[in-house]
Structure formats: structure tokens, C-alpha cells
Amino acid sequence: MKRTCYVAELGPAHAGQTVTLQGWVNRVRDFPEQYFVILRDRSGIVQLTIESDNPAYSVASELRGEFVIEVTGLVRERGEAQRTGAYPTGGIEVIPTALKILNAATTPAFQVDGTPITAAEDIRLKFRYLDLRRPEMQRNLMLRSKAVASVTRFLDAEGFIQVETPMLTKSTPEGARDFLVPSRLNPGEFYALPQSPQLFKQLLMIAGFDRYYQLARCFRDEDLRADRQPDFTQLDMELSFVEQEDVLELQERLLASVFRDVLDVELPLPFPRLSYFEAMDKYGSDKPDLRFESAFVDVTDLFAGGAFQAFATATSVKVMAAPELTRKQIDELERVAKQNGAKGLAWLKRDGDGFTGGISKFVGDQAAELISRTGVAAGGTLLFAAGEWQKAVTALGAVRLALRDLFGLAAGGQFHVSWVTEFPQLEYDEDNARWTYMHHPFTAPHPDDIHLFGTERQGEIRAQAYDLVLNGFEIGGGSIRIHDPAVQEKMFAAIGFTPEAAHAQFGFFLDALAAGTPPHGGIAWGFDRLLMVMAGAQSIREVIAFPKNNRGADLMALAPAAVDAGQLAEVGVQVATRVELE
RNA sequence: GGUCCGGUAGUGUAGCGGUUAGCAUAUCUGCCUGUCACGCAGAAGGUCGCGGGUUCAAAUCCCGUCCGGACCGCCA
């Protein structure tokens with residue numbers, strides 16, 4: 001390799017030096033007396049100036065966008081009138097003494113020269129190798145790489161041991177659908193790709209490694225979203241001989257360290273904490289966006305037994321103050337509320353000391369109290385959701401986020417990190433009419449609540465589980481694990497597992513738990529999601545080199561795809577003709 | 001499984017019952033004495049996603065279908 005440096009390393013200090021650069025033709029501007037060729041590599045761009053008497057002139061005339069070239073030339077400081085501040089190397093230019101085309105290029109499907117991208121995302125994904133050439137995507141992946149380095153450095157210094165766990169494994173007890181891999185050597189049997197290394201990392205604690213981490217690929221066969229991919233990366237960690245407080249404290253230092261290294265941003269420590277109940281009750285979400293306040297106020301008592309039936313009988317009436325809204329905006333917010341489980345979205349507009357519009361005819365004496373509790377501004381709007389507590393706050397939580405987007409309430413590029421703690425240990429599964437775990441069945445309950453197992457109040461048991469929330473995204477979640485077999489037994493009983501059934505499903509793991517398990521706990525970060533927020537991207541795909549689209553397809557490689565009959569026969573799989581089950 | 005939005009030159013868009021299907025950009029050619037998203041002139045480039053229907057007439061209206069995106073369910 002003859003290259004002497006990346007282009008962005010050049011500056012006025014190099015004036016007079018001869019350098020060799022390699023990269024892509026970002027743009028060519030031709031003039032009667034010279035060509036200006038903008039050369040791009042992963043570091044940035046620099047201008048080559050080729051006068052008509054330069055031997056490289058004829059080569060320059062052949063250059064087209066995205067050609068790969070190598071240039072050797074003299075760095076020259078530009079004249080005062082020729083400088084530009086539009087890019088960092090705008091004060092210099094390179095006068096080639098040798099210019100070589102290393103490879104020609106077809107005309108790209110879209111411009112990769114750093115001008116704002118206009119191509120739709122499916123086009124970008126189809127030509128991902130070009131898309132990744134764009135400065136913006138180069139930045140995102142470099143940001144990601146820096147974050148990996150930062151995490152590794154920190155955890156290494158803290159005594160963590162990096163261990164890789166298998167990709168071909170058995171289903172783990174988390175809730176998602178598994179990706180299955182047929183076993184050729186064991187016809188009729190399947191591996192599952194890991195949804196997380198949960199059991200393996202606990203086994204590593206039992207094995208005495210004390211502190212483990214891994215950047216673990218995880219697989220979940222569920223529908224995709226802007227922040228969800230079928231295969232994704234977790235930063236997975238587990239620690240022995242710790243309590244919840246130890247885990248949270250270390251995580252705070254780790255995340256702060258990553259933000260400092262990668263973005264030069266200082267996160268204030270410690271992170272604020274909310275209980276699950278508080279998060280739901282005030283913000284209608286277990287991952288509230290706390291970059292803005294707009295908390296809910298409870299007004300159940302103000303309407304109980306009143307004339308407005310929907311509120312009079314509701315177990316919970318929540319209200320949120322909003323700015324002045326048009327009728328159209330209210331309709332849109334109502335649509336959001338309905339899509340998130342509300343029957344409707346009641347509203348009031350403050351007019352002086354009273355209210356107009358919406359449900360104002362049901363508001364009498366309560367007006368003053370509504371104004372004082374919510375602090376709604378003159379002309380402002382109050383938005384209500386009523387019903388069963390969980391449904392009311394969830395719907396209003398969605399409205400809260402829609403308001404954020406409507407009014408840019410969280411604009412300004414700020415980061416807000418918080419913990420949500422004290423999740424319920426158990427939740428009632430309406431569809432199957434039984435209790436189930438909320439996190440996973442090895443999550444430790446709060447010691448003060450263990451006596452509630454098997455009672456009517458077992459829904460109140462708090463788990464020693466915690467989520468890390470950044471700008472309204474769950475970027476991490478973990479728990480202290482059960483290490484006491486007696487507690488594990490209570491947990492299985494609570495979710496309707498007989499000892500036999502538990503053994504059938506988790507036998508090897510239960511044996512391991514009995515083999516000398518230290519108290520332990522951990523957490524896993526949604527690494528892609530964290531990077532998405534740090535990069536200011538709207539989708540997780542912006543920080544993943546080769547992501548899947550909405551339907552789980554790789555639009556470039558065209559995966560998934562049919563395989564030939566021979567391959568199927570070899571792994572003992574038959575594809576059934578698709579039958580519509582009606 | 002559901003709701004909503006979209007599909008028109010390479011790319012991004014306008015047109016929404018009768019147009020030679022317009023514009024921008026990219027591409028190619030020529031011109032232009034230092035540009036920096038250079039500029040100017042010209043050329044080429046379109047099964048208006050696909051199928052069916054309505055109509056004298058469909059890019060435009062209707063139905064179906066395929067594809068793309070956001071969300072709900074699902075994913076703890």
C-alpha cells in the first residue's frame with residue numbers, strides 16, 4: 001500500500017509535501033483550464049486540482065463519479081480567494097504528479113457524495129454497499145465501532161471476562177418465537193437460535209467466572225419495527241455476589257463512559273429512578289420519554305358519581321395538560337388513543353376560569369380544581385383517558401408521545417437516561433387465564449414480597465428487575481436472578497409449573513442451580529437501539545450494516561429464499577404446500 | 001392477524017378523467033479562466049408496480065393483488 005495518509009489528515013502543515021492518496025471520485029468539476037476532482041475516502045474529502053498542462057490532465061478527463069483512484073501529488077495551500085470552509089480540508093488542495101484509475105464504476109443508483117440522501121430506504125438497502133459509502137453511514141458505523149471499543153475497554157478494566165456462547169442451542173425461556181435450524185445429524189430435531197444468552201450467562205456465574213460480558217447476537221422471530229430486527233446485538237453482562245444496587249451503579253458508570261468516549265457528552269449521575277407503577281401512572285409507559293414532563297394528573301375523584309357516565313364509573317380518570325389544539329389535532333390524537341386501546345379521548349379547552357368544548361357541559365364546580373391540579377394554561381387543552389387504570393394510562397401515554405412529536409417537545413438533541421425499577425414479578429395472562437412471569441422465570445422477587453407467592457396478592461410482588469431507558473427507548477433490561485431453590489420452587493408454582501414440568505423444560509439448568517450457585521444478576525443492552533438513539537437516527541437500520549426490512553427480508557442478498565429439494569432432503573425437511581386454515 | 005400512508009424516467013417528485021405525462025437531480029455531449037451542491041446550452045431516458053373493471057376516453061375512479069413504510073397485536 002502506497003497511501004501516506006487519509007485525506008482528512010491533510011492540512012496547511014502539509015503544504016509542500018508529496019502525499020499519496022487512495023479513494024473514490026466524489027465529484028468532478030471541469031473548467032476550461034483545469035479539473036477539480038473531489039477525492040473521498042472514509043475520513044472525508046479533499047480537492048485535487050489538475051491544470052491543463054498537468055500530465056494527469058487526460059486521466060482526469062476520464063474520471064467519473066465513484067471511480068476508484070490513486071493519486072500522488074503536492075499539497076498546496078490555497079489562495080485566500082480560493083479557500084472554502086465548507087469542509088475541513090478546504091484550505092488546501094493537492095496538485096497531482098501521478099493519477100491512476102484503479103477501477104471504473106457503474107453510475108450509482110443514487111448520489112453517495114454526501115449531499116442529503118433522497119432515495120427511499122428500500123433502494124438504499126438494495127444497494128447497501130453504495131449506501132454504506134455515504135459519509136452519514138460511515139459515521140454511524142464508526143460511531144458503533146467506537147462504542148464497542150469503549151465498552152470493551154471499560155468492562156475489561158472492571159475485570160469482566162468475555163465469553164462466547166453458542167448460536168446453535170435450545171430454546172430459552174423468554175417469550176419470543178424461536179428461529180429453528182434443522183439438524184442433519186439428528187433428523188427430525190432442531191436447534192433454536194438464541195433469543196438471548198440468558199441461561200448460558202447464568203451458567204457462567206455458576207461456573208465461577210464472576211463477571212462476564214459478550215456482544216451477543218440474538219434472534220427473535222417476531223414482527224419487525226423501526227427499532228426491532230429479527231437478529232440484533234445485545235451487550236450482555238452478568239455479575240456474581242452482587243445486589244441490584246451494585247449492578248445499577250456499575251451500569252451508570254459504563255453508560256456514562258460510553259457517552260463520554262463516543263459523543264463527548266457527560267451524563268449526569270446517578271440516573272433518576274422511577275418505579276414501574278410511577279412510570280405507568282405518570283407517563284403511561286414503562287419506558288417513558290422524560291426529555292419533557294407532561295405528567296398525568298389523577299382526577300378520578302372529581303368525576304366519581306357525576307353526570308358524565310364514562311368518567312363517573314371509571315376506576316381511573318387521568319388527565320394531561322396540552323397546548324392549544326385545533327379540532328383536527330384533537331381528532332388525530334383521539335385516533336392515537338383509540339389505536340392504543342381507549343374508547344375515546346375526552347377534552348376540554350380552558351377559557352378564562354372555565355372550560356369550553358369537548359365535555360365542558362359536564363364540568364361545573366370542578367373547573368377551578370382541574371385548573372389548579374393540571375396547571376393548564378389559558379387557551380390550553382386538557383386531554384382525558386378513563387377506564388381501567390392500565391388501559392387509561394397506556395392510551396394517554398401514546399397521546400403524550402404524539403403530542404411530543406406534534407410540538408417538538410423533546411427537540412434539541414438532549415439525552416435523558418433513567419431507570420425503571422420494581423416491575424411486577426408476575427402478570428396475569430388474560431388469554432390463557434393464568435399467571436405468568438413478566439421478565440423470565442429466574443428473576444428474583446423482592447425479599448420483602450416473597451410471602452405473597454400463592455396468595456391473592458401475588459400480582460403485587462415486586463421483581464428485582466430494572467430497565468434502562470433512554471429518550472423513551474428501552475435500551476437495557478435485567479434483573480437479580482433467583483439462586484435459592486426454595487424461591488425458585490415458589491416461582492414455578494406461581495406460574496403453574498409442577499416440579500416435574502419445570503424439570504422437563506429446564507432440567508439441566510435446575511441441576512446446575514443446585515450445584516453451588518452464587519447470588520448473581522445482570523443486564524443486557526439493546527446495543528443497536530442504543531446506537532440508534534446516540535446517532536440521532538429514526539430507525540435501528542441506520543446503525544446496522546446489513547439490516548432486514550419490515551418483512552424480515554434482506555433486499556440486497558434477497559434472503560430469505562427457497563432452497564432446492566436436495567438441500568431439504570439432506571436436513572430431513574419437507575415443505576408443506578401452504579394451506580389456508582379457515 | 002389488524003389499522004393507516006405510499007408505489008409515475010437511474011433517483012426524488014408534480015399531475016388525480018381528455019397533457020406530446022411536467023419539474024429537479026443524476027447520466028451523455030458541447031460551451032464556460034478557480035469551482036467547491038460551479039454555471040450555461042442541448043440530448044437521451046417512462047409497459048405511470050401488476051391484473052381486472054367502470055368510461056367514448058384511465059397515471060387519474062373502483063376492485064383485487066404484489067411491493068415499501070409507520071403503528072397495534074406480537075416481541076417481557
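Every heavy atom of this structure was used, including side-chain atoms; hydrogens, water molecules and symmetry mates were not. Chain letters run A, B, ... following the sequence lines, proteins first and then strands; every chain starts at 1.
- In the set B/A76, B/U11, B/G34, the nucleotide with an atom closest to the side chain of A/Arg220 is B/A76.
- OP1 or OP2 of B/A70 has at least one side-chain nitrogen or oxygen of A/Asn550 nearer than 4.0 Å.
- Within 4.0 Å (heavy atoms only), A/Glu93 reaches at least one base atom of the nucleic acid.
- For A/Gln195 and B/A76, the shortest distance from a side-chain N or O to OP1 or OP2 is below 4.0 Å.
- Positionally, the nearest nucleotide of RNA chain B for A/Pro116 lies more toward the 5' end than for the other of A/Lys548 and A/Pro116.
- Under the Watson-Crick or G-U wobble criterion, with both distances below 3.5 Å, B/C40 is paired with B/G30.
- Between A/Arg76 and A/Gln111, the residue anchored nearer the 5' end of RNA chain B, judged by the nucleotide with its closest heavy atom, is A/Gln111.
- One P atom belongs to B/G18, the other to B/U29, and the distance between them is 39 Å to the nearest Å.
- For the C1' atoms, the distance from B/G7 to B/C16 is 15 Å, rounded to whole Å.
- When each of B/G34, B/U29, B/C74 is scored by its nearest atom to the side-chain atoms of A/Arg64, the top-ranked nucleotide is B/U29.
- For A/Glu474 and B/A76, a side-chain-to-base donor-acceptor distance below 3.5 Å is present, hydrogens and geometry of angles not being considered.
- Using a distance-only test at 3.5 Å, with no hydrogens or angles considered, no donor-acceptor pair links the side chain of A/Arg434 to the main chain of A/Gly496.
- Judged by distance alone, with hydrogens and angles left aside, A/Arg228 brings a side-chain donor or acceptor within reach of the base of B/C75, the pair sitting under 3.5 Å.
- Rounded to an integer number of Å, the gap from CZ of A/Phe442 to P of B/A76 is 14 Å.
- Between A/Arg327 and A/Asp331 there is a salt bridge, since at least one side-chain N of the basic residue sits less than 4.0 Å from a carboxylate O of the acidic one.
- Taking atom CZ of A/Arg481 as the reference point, atom C1' of B/A76 lies 13 Å away to the nearest angstrom.
- To the nearest whole angstrom, the two C1' atoms, one in B/U13 and one in B/A26, are 14 Å apart.
- Comparing atom distances between the A/Ala86 side chain and each of B/C72, B/A37, B/G34 picks out B/A37 as nearest.
- Across all strands, A/Glu51 comes closer than 4.0 Å to base atoms (heavy-atom distances).
- An OP1 or OP2 oxygen of B/C67 is reached within less than 4.0 angstrom by a side-chain nitrogen or oxygen of A/Arg551.
- A donor-acceptor contact under 3.5 Å is not formed by the side chain of A/Arg27 with the base of B/U35.
- Base pairing of B/C23 is made with B/G12, judged by Watson-Crick or G-U wobble geometry with both donor-acceptor distances under 3.5 Å.
- If you check every strand for non-hydrogen atoms under 4.0 Å, A/Ala120 touches sugar and phosphate atoms only.
- Within 4.0 Å of A/Gly477, counting heavy atoms only, lies at least one base atom of the nucleic acid.
- Remark: the A/Asp30 side chain and the B/C32 base include a donor-acceptor N/O pair separated by less than 3.5 Å.
- A stacked arrangement is assigned to A/Phe36 and the six-membered base ring of B/U35, with a centre-to-centre distance below 5.5 Å and an interplanar angle below 30°.
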Distance-only criterion, 3.5 Å: show the donor-acceptor pairs between side-chain atoms of residues 120-128 of chain A and protein atoms not counting sequence neighbours.
unit_1   : atom_1 : unit_2   : atom_2 : d
A/Glu121 : OE1    : A/Arg541 : NH1    : 2.6
A/Glu121 : OE2    : A/Arg541 : NH1    : 3.0
A/Arg124 : NE     : A/Asp131 : OD1    : 2.9
A/Arg124 : NE     : A/Asp131 : OD2    : 3.1
A/Arg124 : NH1    : A/Glu542 : OE2    : 3.1
A/Arg124 : NH2    : A/Asp131 : OD2    : 3.1
A/Arg124 : NH2    : A/Glu542 : OE1    : 3.0
A/Arg124 : NH2    : A/Glu542 : OE2    : 3.4
A/Arg128 : NE     : A/Ala545 : O      : 2.7
A/Arg128 : NH1    : A/Asp131 : OD2    : 2.6
A/Arg128 : NH2    : A/Arg541 : O      : 2.7
A/Arg128 : NH2    : A/Ile544 : O      : 2.8

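- Across all strands shown, B/G68 pairs with B/C5; the Watson-Crick or G-U wobble distances both stay below 3.5 Å.
- The separation between A/Asp122 atom CG and B/C67 atom C1' is 8 Å, rounded to whole Å.
- B/A41 and B/G46: their P atoms are spaced 24 Å apart (whole Å).
- Taking atom CG of A/Asp227 as the reference point, atom C1' of B/C71 lies 11 Å away to the nearest angstrom.
- Judged by Watson-Crick or G-U wobble contacts below 3.5 Å, the nucleotide B/G51 has B/C63 as its partner.
- A donor-acceptor contact under 3.5 Å is formed by the side chain of A/Asp467 with the base of B/A76.
- Looking at A/Asp289 and A/Arg404, a side-chain N of the basic residue comes within less than 4.0 Å of a carboxylate O on the acidic one, giving a salt bridge.
- One interatomic measurement links the two molecules: CG of A/Asp178 to C1' of B/C74, which rounds to 14 Å at whole-angstrom precision.
- What separates CZ of A/Arg177 from P of B/A76 is a distance of 11 Å, to the nearest Å.
- Whole-Å rounding puts the A/Lys287 NZ to B/C75 P distance at 13 Å.
- Close placement of the A/Phe509 and A/Phe442 rings is indicated, their centers lying within 6.0 Å of each other.
- Remark: the A/Gln339 side chain and the B/C71 base include a donor-acceptor N/O pair separated by less than 3.5 Å.
- OP1 or OP2 of B/C72 sits under 4.0 Å from a side-chain N or O of A/Arg225.
- Only the P atoms considered, B/C71 is 46 Å distant from B/U35, to the nearest whole Å.
- Of the inter-residue distances, the one linking A/Met167 atom CE with A/Tyr191 atom OH reads 14.0 Å to the nearest 0.5 angstrom.
- The A/Glu121 side chain lies nearest to B/G69 when the options are B/G73, B/G69, B/A76.
- Between A/Phe492 and A/Phe506, the distance from one ring center to the other falls under 6.0 angstrom.
- Of the side-chain N and O atoms in A/Arg83, none sit less than 4.0 angstrom from OP1 or OP2 of B/C36.
- Taking the centre and axis of the six-membered ring of A/Phe292, the NZ or CZ atom of A/Arg400 falls inside the cone set by 45° and 6.0 Å.
- Using Watson-Crick or G-U wobble geometry with both donor-acceptor distances under 3.5 Å, B/G18 finds its partner in B/C56.
- In terms of polar N and O atoms assigned as donor or acceptor, the side chain of A/Arg78 comes within less than 3.5 Å of the base of B/C36 in a complementary pairing.
- For the atom pair CD1 (A/Ile45) and CZ (A/Arg40), the distance works out to 9.0 Å, reported to the nearest 0.5 Å.
- With P as the reference atom, B/A14 and B/C5 are 16 Å apart, rounded to whole Å.
- Distance check on atom P: B/A37 versus B/G49 gives 35 Å, rounded to whole Å.
- Taking the C1' atom of each, B/G45 and B/A24 are spaced 15 Å apart, rounded to whole Å.
- Closest approach to the A/Leu555 side chain among B/A76, B/G69, B/G68 is made by B/G68 (side chain taken as heavy atoms from C-beta onward).
- When the C1' atom of B/U35 is taken as reference, atom CD of A/Gln34 falls 8 Å away, rounded to whole Å.
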